Engineer: 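Pasting in a structure now, in structure tokens, and then I'll have a few things to ask.
Side chains are part of it too, since the values below use all heavy atoms of this structure and drop only hydrogens, waters and symmetry mates. As the structure is a computational prediction, the values presented were derived from the model and not from experiment.
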Amino acid sequence: ECASEEEARRKVAELKAKRQWPVFFFPSDTTGEKDFEEFYTEHETLDLVRFDSIGVVINEARYDVLRIENFERKISEMRARGRWERKELVDLFNATIPEFHHLETGKFLDGRM
């Protein structure tokens with residue numbers, strides 16, 4: 001475990017030779033991250049015994065046909081225009097999936113790699 005990202009980067013070659021990898025833990029601040037991850041709600045049924053280390057949400061497919069049709073129409077319009085803005089896509093996802101809660105920070109995971 002390293003105390004900084006810089007230390008982790010410096011130790012890559014040394015540790016790789018030993019078949020080890022440096023790790024640096026830090027709070028996430030990249031775009032698209034949520035304040036917390038919630039993989040199920042109290043309204044869903046869980047199967048926590050099928051696999052050793054992952055649970056499975058079991059529920060019927062429920063969706064709003066009008067929202068999906070609106071999403072498809074808007075995406076088709078964007079493609080026909082040949083351009084679109086990030087905010088336009090995020091707004092469309094938020095309208096289609098109200099519980100999406102996209103958090104925009106201006107930082108991206110690619111910049112971390």
Engineer: With a 4.5 Å limit on heavy-atom distance, are the side chains of Leu46 and Val57 in contact?
Structural biologist: yes

Engineer: Nearest 0.5 Å, what's the CG-CG distance between Leu89 and Asn94?
Structural biologist: 11.0 Å

Engineer: Over all heavy atoms of both residues, which pair between Ala8 and Phe24 is shortest? Give the atoms and the distance, please.
Structural biologist: CB-CB, 4.3 Å

Engineer: What pair of heavy atoms forms the shortest contact from Gly55 to Leu48, and how long is it?
Structural biologist: CA-CD2, 3.8 Å

Engineer: Is Leu92 reachable from Trp84 through a run of I, L, V, M, F, W or Y residues, each pair having side-chain heavy atoms under 4.5 Å apart?
Structural biologist: yes

Engineer: Would you list the atom pairs, donor with acceptor, under 3.5 Å between side chains in residues 73-81 and any protein atom, with sequence neighbours excluded?
Structural biologist:
residue: Arg73; atom: NH2; partner: Asn70; partner atom: OD1; Å: 2.5
residue: Ser76; atom: OG; partner: Glu72; partner atom: O; Å: 3.0
residue: Arg81; atom: NE; partner: Arg83; partner atom: O; Å: 3.4
residue: Arg81; atom: NH1; partner: Glu88; partner atom: OE2; Å: 3.3
residue: Arg81; atom: NH2; partner: Arg83; partner atom: O; Å: 3.0
residue: Arg81; atom: NH2; partner: Glu88; partner atom: OE1; Å: 2.9
residue: Arg81; atom: NH2; partner: Glu88; partner atom: OE2; Å: 3.0

Engineer: Working to the nearest 0.5 angstrom, can you tell me the gap between Ile68 CD1 and Ile97 CD1?
Structural biologist: 9.0 Å

Engineer: How about Arg9 and Pro22: do any of their side-chain heavy atoms sit closer than 4.5 Å?
Structural biologist: no

Engineer: I need the Asp47 CG to Ile58 CD1 distance, nearest 0.5 Å.
Structural biologist: 4.5 Å

Engineer: Less than 4.5 Å apart, side chain to side chain, heavy atoms only: is that true for Trp21 and Lys16?
Structural biologist: yes

Engineer: List in chain and number order the residues that pass ring pair (Phe, Tyr, Trp, His ring centres under 6.0 Å) with Phe71, two or more places apart in sequence or in another chain; answer none if no residue qualifies.
Structural biologist: Phe93

Engineer: Just wondering, do Lys11 and Cys2 contact through their side chains at under 4.5 Å, heavy atoms?
Structural biologist: yes

Engineer: Show your working on side-chain contact (heavy atoms from CB on, under 4.5 Å) between Glu5 and Phe26 and close with a plain yes or no.
Structural biologist: CA-CA 9 Å; Glu5 185 174 348; Phe26 57 91; 5.6 Å; no

